Each structure stands twice: as C-alpha cells, then as structure tokens.
2 protein chains.
Amino acid sequence: MADLVYQRVISSLKEKIDANVYPDMRLPDERSLAEQYDVSRSSIKRALSNMSEQGIIFKKRGSGTFVNPLYLKQDSYFNYSGSNLGITDSFKSNGQKPGIKVLDFDVIRPDKDMQDNLFLQASEFVYSFKRLRLLDDKPFMIERGYIPIKLAPELTEEIASDSIFNYVESELGKEVNKTYLAISAAPSDEEGKKLLNLKSNEPLGIMEGIFFLNDGTPFEFSTMKLHYKYFKYDSFVDLDNH
Amino acid sequence: MADLVYQRVISSLKEKIDANVYPDMRLPDERSLAEQYDVSRSSIKRALSNMSEQGIIFKKRGSGTFVNPLYLKQDSYFNYSGSNLGITDSFKSNGQKPGIKVLDFDVIRPDKDMQDNLFLQASEFVYSFKRLRLLDDKPFMIERGYIPIKLAPELTEEIASDSIFNYVESELGKEVNKTYLAISAAPSDEEGKKLLNLKSNEPLGIMEGIFFLNDGTPFEFSTMKLHYKYFKYDSFVDLDNH
DNA sequence: CAGTGGTCTAGACCACCAC
DNA sequence: TGGTGGTCTAGACCACTGC
C-alpha cells in the first residue's frame with residue numbers, strides 16, 4: 001500500500017496530525033519536510049496537494065501550510081466524495097442488512113450510446129441486468145447495469161446477486177476505483193412506485209454513470225434509481241482548477 | 001488566468017475535444033503533446049491530470065489518454081468540469097440570463113448546529129437571507145444562506161441581490177474556493193410549489209453545504225432547493241483516496 | 001519489443017506574505 | 001527582505017499494454 005513515496009508521506013502526516021504533533025495547526029514548510037523525509041520537494045508537494053484536495057489541510061502561499069480545523073473535529077463532513085452511499089457494490093449499510101435481488105440478466109448487443117460509454121465495437125456484447133437492492137429486506141434502489149462480456153467473461157446471475165465489484169477484485173485481480181456520476185432527481189415512475197413503494201408525490205434520486213477499472217478501462221455503465229429517503233450524496237469540491 | 005502553461009494546455013485541449021478534433025476519442029501521447037505545445041512533459045501531465053480529475057478524460061497506462069464519452073453529453077448546471085464558474089454564485093447559465101431576487105435579509109443568532117457548521121461562538125451573529133434565483137426570469141432555485149457578520153461586516157441586501165462571492169473577492173480580497181455539499185431529493189413543499197411552480201408530484205433537488213474561504217474559514221452555510229429539471233450534478237470520484 | 005502513462009528527482013525562478 | 005508555496009523544466013527509471 002505505502003510503497004509509493006507520496007503515499008508514505010500522506011500516511012505519516014495524517015498520523016502526526018491526528019496525534020496532535022502540530023498543536024499550532026501549522027505544518028513544517030515543504031523544504032524542511034523534504035529533508036525530514038529524505039525525498040524531493042516535488043514529492044512533498046504531491047502529498048500536500050493530495051491532502052489539500054481531501055480537505056485535510058490548506059495551503060497559503062507566502063504563509064505556510066495549515067491543518068483544517070474542521071478536519072480535526074471529525075465531523076461527518078469529511079466523508080469525502082460519495083463515500084456515504086452508493087458508489088460501490090457495497091453500500092454503507094449503517095448496521096442494516098443489505099440484500100440484492102436480480103430481476104433480469106441477459107446478454108445483448110450495445111446500442112450506439114452504450115458503445116461510446118463503454119468504448120466498445122458494435123460487434124461486442126454486454127451483460128444487461130436489473131437488480132433490486134434492499135436494506136433489512138426493504139427495497140431502496142433499482143439498478144440497471146451493463147458490463148462488457150469481455151471484461152467479465154464468467155459473470156453469472158449468481159455473482160450478480162452478490163457483489164460484482166468484489167468478484168472483479170478477488171477473481172479477476174482488477175479493481176474498480178473511479179466513477180463518473182451524473183446525479184439528478186425525477187418524479188416517481190411506474191417501476192419506482194411498484195418496486196420501491198413510492199407514493200406519486202415521492203421522487204426518485206437518479207445516479208447514472210460509468211465505473212472505471214484501475215487501469216482506466218470503462219467497466220460498467222449503470223443507472224441507479226433510488227428511493228429519495230435513501231438518496232444522499234456527499235461531495236467535497238475544489239472550486240479552483242476550474 | 002491563461003497565463004499559466006498548464007491552463008493554456010487545458011483550454012486548448014478542451015477546445016479541441018469540443019471541436020471533435022479527436023473523433024476516435026484518443027488524445028496524442030504525452031510526449032507528442034509536450035512537443036506540440038513546446039512545453040515540458042511535466043506540464044502536459046499536470047494539465048491532463050487536472051482534466052482527468054474533472055472527468056473530461058481518463059488515462060490508461062500503457063494504452064493512452066481518452067475522452068470521457070459522458071463529458072461530451074453533459075448539460076449540467078452544476079458541473080465543475082466545463083466552466084470556470086462551477087458551484088458559486090454564478091451558475092452556469094447556458095446562455096440564459098440569470099437573476100436574483102432577495103426575499104428576506106436579517107441578522108440572527110445561530111443555533112447550535114449553525115455554530116458548529118460555521119465554527120462560531122454562541123455570542124456571534126450571522127446574516128440570514130433567502131434568495132430566489134432565476135434564469136430568463138423563470139425561477140429555478142430557492143436559497144437560504146447564513147454568513148457570519150464578522151466575515152462580511154458590510155454585507156447588504158443590495159450586495160446579496162448580486163453576487164456575494166464576487167463581492168468577497170473584489171472587496172474583501174478573499175476567495176471562496178472550496179465547498180462541502182450534501183445532495184439529496186425531496187417531494188415538493190409549499191414553498192417550492194409556490195415559488196418554483198412545481199406540481200405536487202414534482203420533486204425538489206436539495207443541495208446543502210458549507211463554502212470555505214481559501215484560508216479554510218467556513219464562510220457560508222447554504223441550503224439550496226432546486227426545481228428538479230434544473231437539478232443535475234456531475235461528479236468524478238476517485239474511490240481510492242479513502 | 002516499442003509505446004504508453006506513472007513516479008520521482010534536482011533545481012531554477014516566480015508570486016505572495018509578514019516583518 | 002527572508003521565507004513560503006506555485007510553476008516549470010529536463011530527464012531518469014518503472015509498470016503496463018499490445019503487437
């Protein structure tokens with residue numbers, strides 16, 4: 001895990017921050033850190049830049065680098081982007097028992113859009129499946145997923161009734177570690193009313209996106225319709241860089 | 001803004017992507033780009049890395065760099081990929097004329113939650129204001145905001161009817177550059193039906209969050225209720241960083 | 001094997017801040 | 001003015017892909 005220089009630095013600095021090694025909330029300057037860790041300043045910068053994106057520290061040009069006081073308060077506000085819910089197969093369940101019911105499972109030809117989304121040729125096939133997800137036997141999400149068969153040739157309905165991403169990790173030696181999500185809301189549709197027990201004034205939360213493997217390959221295109229009470233998405237956004 | 005090398009590269013590459021200069025969705029390799037732009041490979045890497053974080057492209061080690069197909073289709077109001085506006089006072093308006101109507105404007109004592117959110121003592125006051133945002137004179141969002149008076153002592157209703165963040169930047173010499181957002185959805189309430197012309201089966205998109213200054217100070221706590229048709233949020237998530 | 005992106009280094013110079 | 005973070009360079013070497 002920590003075989004990369006900047007990751008080692010991040011881990012170490014986090015530990016020190018947590019252990020209150022910097023009671024004045026100020027970190028040593030970058031050049032000193034480079035010397036302390038015996039690495040280049042560039043690597044220190046990479047580590048600090050990463051931590052800044054995570055909201056752990058703030059950098060002030062000309063002044064120094066400081067710990068974000070809210071980070072120390074360990075509020076629920078630093079659950080970094082999307083970690084609250086729904087990004088992976090394993091939804092954070094808050095002690096509730098998660099379940100999955102596969103509603104259909106087929107192999108189809110992708111249409112043009114799907115070919116674009118998953119970087120496929122017209123001749124390649126994809127799995128298409130619909131799953132109902134439950135917490136304590138109560139349905140909260142309908143999911144339609146598409147996965148190229150070449151990326152998971154042995155995928156079965158049984159695997160889909162468990163965690164597909166865990167399967168990818170343990171059996172295929174790959175990892176799903178990035179996702180591009182488009183988030184929106186819509187009035188409940190027939191399916192939502194029927195499967196999620198929504199009243200007609202109660203909405204659906206919609207998450208649509210592509211999941212990527214760690215080598216950058218688009219692995220799954222997924223449309224998730226959530227019961228609005230289970231729909232919450234946290235995001236920490238850096239407005240610079242844009 | 002475009003006086004920085006990597007920002008020039010980003011702008012240029014974005015334009016080329018939008019102009020479909022790469023119909024096979026593949027960008028030139030980093031070394032070629034460095035040569036083309038007559039900059040170092042490090043600067044190209046910085047530009048591409050930034051674009052990758054924004055979800056515009058994704059990189060495949062050993063294979064190349066590719067355009068994210070979902071980026072080309074996006075039409076979000078809250079994307080922080082396509083513009084330098086992002087989730088600030090200035091919503092991306094797609095050519096529509098934005099407007100702001102201040103519905104109320106007061107100074108109040110923060111309750112316990114607000115004290116925590118804005119890092120305040122019980123004795124400190126905050127501005128509380130409600131704003132209706134419009135596009136081409138059509139209301140699309142109701143916003144309730146709270147700002148500590150000590151952070152913007154001269155704030156007025158008139159400033160609030162324009163861009164508060166622009167005021168902070170130009171008059172106070174600070175910058176709002178980070179935000180934590182919690183995103184959800186809810187059935188339309190009375191206010192939403194009345195001010196946003198929602199039918200009772202049509203939902204609200206909810207964005208609640210804290211905006212930070214560049215020194216890490218929490219500047220504003222805001223609750224935004226959006227007409228669901230204007231509610232779309234794009235997010236590119238790295239599942240590793242935790 | 002050639003080509004691609006990933007990591008890391010060493011150092012130059014710039015922009016900003018506080019004294 | 002001295003110290004800080006920000007930008008940029010030039011290049012070495014590694015890890016992975018695909019023929």
Side-chain angles (χ1 to χ4, degrees), chain A residues 1-10 13 22 24-53 57-67 119 121 150-151 172-175 177-178 212-218 238 240-241, chain B residues 1-11 13 22 24-53 57-68 169 173-175 177 213-216 238 240-241:
Chain A
M1 173 66 77
D3 56 338
L4 294 183
V5 169
Y6 73 91
Q7 284 176 349
R8 270 194 288 110
V9 173
I10 290 175
L13 285 178
Y22 310 116
D24 58 352
M25 307 298 271
R26 186 196 177 133
L27 272 61
D29 73 273
E30 297 179 345
R31 289 160 180 89
S32 306
L33 285 172
E35 203 176 340
Q36 280 177 39
Y37 285 99
D38 195 28
V39 301
S40 72
R41 186 179 164 215
S42 309
S43 293
I44 295 294
K45 289 189 81 60
R46 183 167 194 166
L48 294 181
S49 164
N50 199 309
M51 291 170 76
S52 172
E53 280 164 22
I57 59 174
F58 292 93
K59 293 181 279 187
K60 287 203 70 172
R61 175 188 235 164
S63 302
T65 302
F66 304 87
V67 178
F119 266 72
Q121 308 299 319
K150 70 174 174 188
L151 294 180
L172 304 183
K174 307 252 180 183
E175 193 195 347
N177 71 342
K178 278 188 181 156
F212 296 88
L213 299 177
N214 47 6
D215 63 4
T217 310
D238 194 330
D240 291 338
N241 317 333
Chain B
M1 197 52 123
D3 56 340
L4 296 182
V5 169
Y6 73 92
Q7 285 175 347
R8 271 195 288 110
V9 173
I10 290 175
S11 301
L13 286 177
Y22 309 116
D24 58 352
M25 308 297 272
R26 183 190 179 144
L27 271 61
D29 73 272
E30 296 179 347
R31 289 160 180 90
S32 306
L33 285 173
E35 204 176 341
Q36 280 176 39
Y37 284 99
D38 196 27
V39 300
S40 73
R41 187 182 165 212
S42 309
S43 293
I44 294 295
K45 290 189 80 59
R46 183 167 192 167
L48 294 180
S49 163
N50 200 308
M51 292 171 75
S52 172
E53 279 164 21
I57 58 174
F58 59 90
K59 295 180 273 187
K60 285 195 64 171
R61 178 187 223 156
S63 302
T65 302
F66 303 87
V67 178
N68 178 352
E169 205 159 330
K174 308 249 181 186
E175 195 195 348
N177 70 345
L213 298 177
N214 47 8
D215 64 0
D238 194 328
D240 283 340
N241 297 345

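Here is the naming used below: chain letters follow the sequence lines, and residue numbers restart at 1 for every chain. This one's a predicted model, so the numbers in the text were calculated from it and none came from an experiment. In what follows, every heavy atom counts, from backbone to side chain, and hydrogens, waters and symmetry copies are set aside.
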Exercise. Rounded to whole angstrom units, what separation is found between the CG atom of N50(A) and the C1' atom of dG5(D)?
Worked result: 17 Å

For this session: Go through the structure and list residues passing side-chain contact (heavy atoms from CB on, under 4.5 Å) with F66(A), not counting sequence neighbours.
Result: R26(A), K60(A), S63(A)

Exercise. Between which nucleotides of DNA chain C, 5' to 3', does chain A make heavy-atom contacts below 4.0 Å?
Worked result: dT7(C) to dC17(C)

Exercise. What residues, two or more places apart in sequence or in another chain, satisfy ring pair (Phe, Tyr, Trp, His ring centres under 6.0 Å) together with F212(A)?
Worked result: F58(B)

Exercise. For D38(A), does the CG atom sit with more than 12 other heavy atoms under 6.0 Å from it, leaving out its own atoms?
Worked result: no

Seminar exercise, completed: Per the under-4.0 Å heavy-atom filter, residues of residues 31-46 of chain A near DNA chain D come out as R31(A), R41(A), K45(A)

Problem set entry | Qualifying residues under salt bridge (charged side-chain N to carboxylate O under 4.0 Å, His left out), relative to R46(B), sequence neighbours excluded | none

Exercise. Which residues satisfy the side-chain contact (heavy atoms from CB on, under 4.5 Å) test with R61(A), sequence neighbours excluded?
Worked result: none

Exercise. Which dot-bracket notation, 5' to 3', represents the base pairing of DNA chain C when pairs are defined as Watson-Crick or G-U with both distances under 3.5 Å, crossing pairs as [ ], and inter-strand pairs as |?
Worked result: ||||||||||||||||||.

Exercise. Does L33(A) have any side-chain contact (heavy atoms from CB on, under 4.5 Å) partners at least two apart in sequence or in another chain, and if so, which?
Worked result: L13(A), P28(A), Q36(A), Y37(A), I44(A), L48(A)

Exercise. With S42(B), which residues qualify under side chain to side chain donor-acceptor pair (under 3.5 Å), at least two apart?
Worked result: none

Problem set entry | Residues forming a salt bridge (charged side-chain N to carboxylate O under 4.0 Å, His left out) with K174(A), sequence neighbours excluded | D215(A)

Problem set entry | Residue closer to the 5' end of DNA chain C, Y6(A) versus G62(B) (nearest nucleotide) | G62(B)

Problem set entry | K45(B): partners by salt bridge (charged side-chain N to carboxylate O under 4.0 Å, His left out), with sequence neighbours left out | E30(B)

Problem set entry | side-chain contact (heavy atoms from CB on, under 4.5 Å) partners for M25(A), two or more places apart | V67(A), P69(A), L72(A)

For this session: Round to a whole Å and report the spacing from CG of L213(A) to C1' of dA15(D).
Result: 17 Å

For this session: Mind calculating the distance between CZ (R61(A)) and P (dG5(D)) to the nearest angstrom?
Result: 11 Å

